[in-house]
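To find a chain, count down the sequence lines: A is the first, B the second, and so on, and within it residues start at 1. Excluded from the calculations below are hydrogen atoms, water molecules and symmetry mates; all remaining heavy atoms, backbone and side chain alike, are included.
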Amino acid sequence: MTPFAKGSHLHLIDGSGFIFRAYHALPPLTRKSDGLPIGAVAGFCNMIWKMLQETKGDDAPTHMAVVFDKSEQTFRKDIYPAYKAQRPDPPDDLKPQFRLIRDATRAFNLPCIEKDGFEADDIIATYATAAAAAGGRVTIVSADKDLMQLVAPGIEMFDTLKNRAIGPDEVFEKFGVAPDRVIDVQALAGDSVDNVPGAPGIGIKTAAQLIGEYGDLETLLARAAEIKQPKRRATLIDNAEQIRVSRDLVTLRRDVELADGIETLEVREPEAEQLLEFLALMEFRTLATRVASKLKVEAPVIGDTAGFAPPASGTDVRVLGAGEPPPVVPIDRSVYTVLRDEAALDAWLARIPARGVVAVSVEGIGSDEVTGEIAGVALAIGPGAAAYLPLGHVTAGGDLFSAEGQIPLAAALARLKPVLQDASVLKIGHDVKRAVKLFARQGIALAPIDDTMLLSYALHAGLHGHGRDVLAEEFLGHQPLARRPLLGGGKSARGFREVPIEEAAPYAAEDAEIIWRLWNALKPKLPFARVTRVYETMERPLVPVLAEMERNGIRVDRARLSRLSGDFAQRMAALESEIHTLAGSPFNIGSPKQLGEVLFEQMSLQGGKRGKTGAYGTGADVLEELAAQGHDLPARVLDWRALSKLKSTYTDTLQDAINRETGRVHTSYQIAGAATGRLASTDPNLQNIPVRTDEGRQIREAFVPEAGNVLLSLDYSQIELRILAHMADIGALRQAFHDGLDIHAMTASEMFGVPIEGMPSHIRRQAKAINFGVIYGISAFGLANNLRIPRADAQRFIDTYFERFPGIREYMNRTVAFAKEHGHVETLFGRRIHTPEINAKGPHAGFASRAAINAPIQGSAADIIRRAMIRVPAAIAHLPAKMLLQVHDELLFEVAESAAEETAEVVRAVMSTAALPAVALDVPLVVDAGWGESWSAAH
DNA sequence: GTAATCACG
DNA sequence: GACGTACGTGATTACG
């Protein structure tokens with residue numbers, strides 16, 4: 001080893017700085033065989049190779065190292081906790097590349113230097129200072145202004161992207177002072193990106209002028225009182241301490257204790273085999289060829305499946321036709337691994353980091369995702385490379401015994417946890433919210449994540465479902481093992497824990513492999529469909545938010561529901577006997593068929609209409625009509641039905657939904673359920689809890705907070721009409737919203753020329769029906785039905801409305817035409833809702849065009865509340881508040897009573913600005929808030 | 001499994 | 001001119 005001395009030349013490459021520059025400078029390249037993002041890796045490798053070639057000869061470096069940031073936690077955070085606090089997470093497609101770039105560095109046979117607690121800049125400063133002191137030369141390969149303070153005799157910088165050296169002159173150009181005073185200028189000017197406070201109101205120009213005048217920072221602060229400009233003087237005096245802290249933050253440490261002395265950084269020639277192996281794995285064909293020719297070895301053959309384990313049997317190859325991707329290795333369930341001991345698990349997990357992406361499929365022991373345990377975890381990193389890790393399987397034989405050949409749960413989870421939480425390993429799932437919840441229960445925060453279900457949803461909402469089986473068929477031409485035979489049905493149904501491991505393993509491992517393949521098939525499509533932003537900002541970030549809400553659950557007062565059930569039962573029994581008396585004979589009131597026969601045959605009432613199945617219609621509208629004619633029986637049936645509905649759907653069923661462990665009800669939200677972007681709530685549905693009748697509201701009174709808390713409800717006022725006013729650009733509507741007018745009264749006034757003051761309620765009601773009708777894609781038939789008026793009258797209303805607001809008709813025509821041309825419509829935020837039926841003939845066409853008119857309006861409203869929900873957790877992090885439920889235009893929170901008002905204001909601010917910055921609405925978004933001792937009282 | 005009904009926005 | 005419709009959901013019940 002040659003000592004570093006006079007004549008030596010050290011190149012220090014700012015690896016972390018370069019990663020971000022390469023990432024943003026290059027298009028999002030992916031590895032061809034599997035879609036792994038590798039743009040930054042490619043940029044890095046090309047840069048290193050170019051540098052190695054160009055620096056040969058007299059000026060060749062004798063020593064070289066690549067330096068990286070290691071952790072977020074540096075000594076600067078101890079000095080100033082807000083330092084770099086608001087820095088966003090790196091993009092998810094960059095995260096897996098961090099590790100690959102370190103691998104690349106080693107493949108080039110270069111030292112890869114990093115140290116906990118320090119930034120790359122501190123390590124560079126330490127080496128550069130030591131090298132200069134030893135009499136050698138230093139070139140810092142970076143354009144980062146934070147490194148410019150190091151420029152000195154013997155130390156210069158080099159910007160590879162601009163291909164120019166940075167010396168004292170260039171530093172002066174940037175900071176207006178010599179390199180040795182750069183720290184002073186940075187301390188004064190601060191840095192908004194890194195959250196270095198500096199002196200408020202002073203930028204680089206002023207700072208340089210002040211330092212130029214007073215010589216250095218301490219002198220300036222000591223003599224601040226002499227400054228003529230009063231504002232500047234006050235700023236410096238008031239913020240002296242903050243400026244000194246800023247100086248400590250920007251000053252690079254030159255005394256980091258480093259394990260490797262400079263002499264160990266001596267340049268070594270790349271080893272051909274090692275380097276080419278890496279380049280082949282990354283599938284960098286051009287660079288591999290170039291490197292091979294330079295190193296005078298044979299270039300590796302890089303096929304499209306390079307990096308994959310060769311298929312066990314490669315005969316059954318699916319041919320996709322000319323111009324299609326290369327032949328695909330078929331799924332082979334016989335090659336999967338079952339991880340039964342810790343050594344096997346460790347070996348498998350060790351393969352994941354280099355990939356940067358792993359498909360994860362987790363099975364709970366049963367259907368409970370909140371308090372249920374894990375039965376097993378399947379992982380996949382490539383075709384045929386999948387494994388199943390059984391954890392909670394049991395053998396049933398009267399009692400349940402833990403099945404043999406399973407690693408103890410705690411030990412396995414301890415090994416999984418670092419990978420599942422590793423920021424540089426992307427975890428992909430299908431409906432990954434399930435996995436997030438199951439792992440959260442085990443203290444594991446699954447992140448970062450991707451979701452093939454949501455990829456499909458962002459790409460193809462309205463075209464087809466997004467279940468795993470549908471997608472496997474559609475995109476892989478593969479039919480997976482069915483879940484049903486494993487779990488049985490009816491009486492013989494069993495939880496996944498009871499499925500024998502040898503049956504569970506191929507099913508689960510195949511699931512993981514399918515997810516991995518689907519991700520590779522779907523993720524690259526996002527930019528082509530222009531839905532990357534939709535997916536990245538409105539689908540994926542919602543997953544952890546919903547997982548937390550679902551885990552929170554809401555407290556429900558069982559005793560109260562039970563009392564209501566009893567009350568309803570009594571009243572139903574009374575009604576039942578009354579109805580039977582009126583009918584003259586007993587029958588099943590709950591049977592529409594029997595009821596129809598009683599009404600229209602036995603009692604011979606008029607107006608009986610048979611539907612397409614031959615049964616009489618007995619819907620509420622029919623019964624109401626009969627009741628209005630003075631018939632008692634249908635009126636009693638309506639009362640009975642209302643109670644029956646409340647009892648069976650709510651007061652009885654909701655009690656069963658209370659979780660034994662938490663005492664709360666945990667709904668599950670379907671993110672990809674509704675084509676428009678709305679959520680759907682299931683098991684139980686908490687988005688249709690009654691509110692419109694007094695009896696219904698009694699059920700809401702059973703939704704209660706914990707002691708000392710209140711339920712806080714915030715809802716958007718008229719959000720869909722506001723969106724319509726914006727999208728269709730209706731000046732009168734927009735103005736009415738700006739002026740805070742009663743929008744339905746205003747509509748009525750415009751249409752019928754009636755003054756808003758003292759407007760008769762039936763006129764307003766008609767206008768309200770029209771406003772809603774417009775959102776739904778109005779038709780005379782629908783409006784007539786709703787208002788119980790003749791169709792001709794309804795048509796006249798609509799004509800008048802369109803005359804008064806011609807922009808609405810234009811919007812409707814424009815939207816339908818767009819759908820016909822493109823096959824989809826879009827929300828304000830770019831969400832696509834496909835309309836495959838839009839060009840159909842016959843009655844389908846009407847449905848499709850109304851749906852197309854409604855979708856951008858309903859969907860934009862859905863987007864807005866999604867955006868709000870994603871921002872809420874950070875906004876309320878400092879408050880004793882939890883977000884519990886979403887009901888399309890309402891968010892419900894549980895909050896300490898003392899913090900209700902503050903929480904309301906914080907959330908109101910988030911909700912009313914949720915469209916920004918993507919869309920600036922021409923109408924205000926008004927949010928109403930209320931809180932109380934129950935969900936009913938919160939309204 | 002499907003249709004009818006009705007709860008919500 | 002007839003068709004036959006308000007938009008988006010989920011749960012329960014009856015019934016074949």
Rounded P spacing from C:dA6 to B:dA3 in Å: 16 Å
**Request:** Check for a donor-acceptor pair, side chain of A:H430 on one end and backbone N or O of A:H466 on the other, with a separation under 3.5 Å.
**Result:** yes
From the list A:I833, A:I775, A:V774, side-chain contact (heavy atoms from CB on, under 4.5 Å) with A:N854 holds only for A:I775
When you check the gap from the basic side-chain N to the acidic O, do A:D729 and A:R734 get nearer than 4.0 Å?
-> yes
- Message: Using a heavy-atom cut-off of 4.0 Å across all strands, would you classify A:A615 as base, sugar-phosphate, or nothing?
- Response: nothing
| said: Are there over 12 heavy-atom neighbours, none belonging to A:H464, within less than 6.0 Å of that residue's NE2? | reply: yes
Rounded to whole Å, the CG-C1' distance (A:D889 to C:dC7) equals 14 Å
Taken in chain and number order and not counting sequence neighbours, the residues that satisfy side chain to side chain donor-acceptor pair (under 3.5 Å) with A:T667 are A:S681
Practice item. Using a strict 4.0 Å threshold on nitrogen-to-oxygen distance, state whether A:R678 and A:E720 make a salt bridge. Key: yes
Practice problem: Take atom P in C:dG4 and the same atom in B:dA4, then report the distance between them in whole Å. | Solution: 15 Å
Per-nucleotide protein contact along nucleotides 10-16 of chain C, 5' to 3', at a 4.0 Å heavy-atom cut-off (B base, S sugar-phosphate only, - neither), is BBSSSSS
B:dA7 versus C:dC3 - spacing of their C1' atoms, nearest Å | 31 Å
Nearest-nucleotide check on DNA chain C, A:H888 vs A:A780; residue mapping nearer the 5' end is A:A780
Where does the angle between the aromatic ring planes of A:F797 and A:F752 fall among parallel (under 30°), tilted (30 to 60°) and perpendicular (over 60°)? perpendicular
**Message:** Does the plane of the ring in A:H744 sit parallel, tilted or perpendicular to the ring in A:F772? Use 30° and 60° as the thresholds.
**Reply:** tilted
| message | Need one value for A:G777: base, sugar-phosphate or nothing, where a base atom within 4.0 Å counts as base even if backbone is also close, heavy atoms only. | response | nothing
Between the CD atom in A:E539 and the CE atom in A:M453, the distance rounded to the nearest 0.5 Å is 9.0 Å
OG1 (A:T747) and CD1 (A:I763) are apart, to the nearest 0.5 Å, by 13.0 Å
* Charged tip of A:R850 within 45° of A:F847 ring normal and under 6.0 Å -> yes
Contact check, residues 845-869 of chain A vs DNA chain B, heavy-atom distance under 4.0 Å, returns A:Q858
Any stem touching DNA chain C, meaning at least three consecutive Watson-Crick or G-U pairs under 3.5 Å, ordered by first number, would be B:1-9 with C:7-15
Rounded to the nearest 0.5 angstrom, the CD-CD distance for A:E550 and A:E369 is 7.0 Å
Applying ring pair (Phe, Tyr, Trp, His ring centres under 6.0 Å) to A:Y801 and not counting sequence neighbours gives A:F805
Footprint ends on DNA chain B, 5' to 3', for atoms under 4.0 angstrom from a heavy atom of chain A, come out as B:dA3 to B:dG9
- [ ] Describe the nucleic acid contact of A:R692 in one word from base, sugar-phosphate, nothing, applying a heavy-atom distance below 4.0 Å.
- [x] base
- Are A:D793 and A:R796 close enough, and set up right, to give a salt bridge (Lys or Arg N to Asp or Glu O under 4.0 Å), and what steps lead you there? CA-CA 5 Å; A:D793 294 359; A:R796 270 198 298 280; 2.5 Å; yes
- Message: Within the 4.0 Å heavy-atom criterion, would you say A:I778 contacts the bases, only the backbone, or no part of the nucleic acid?
- Response: base
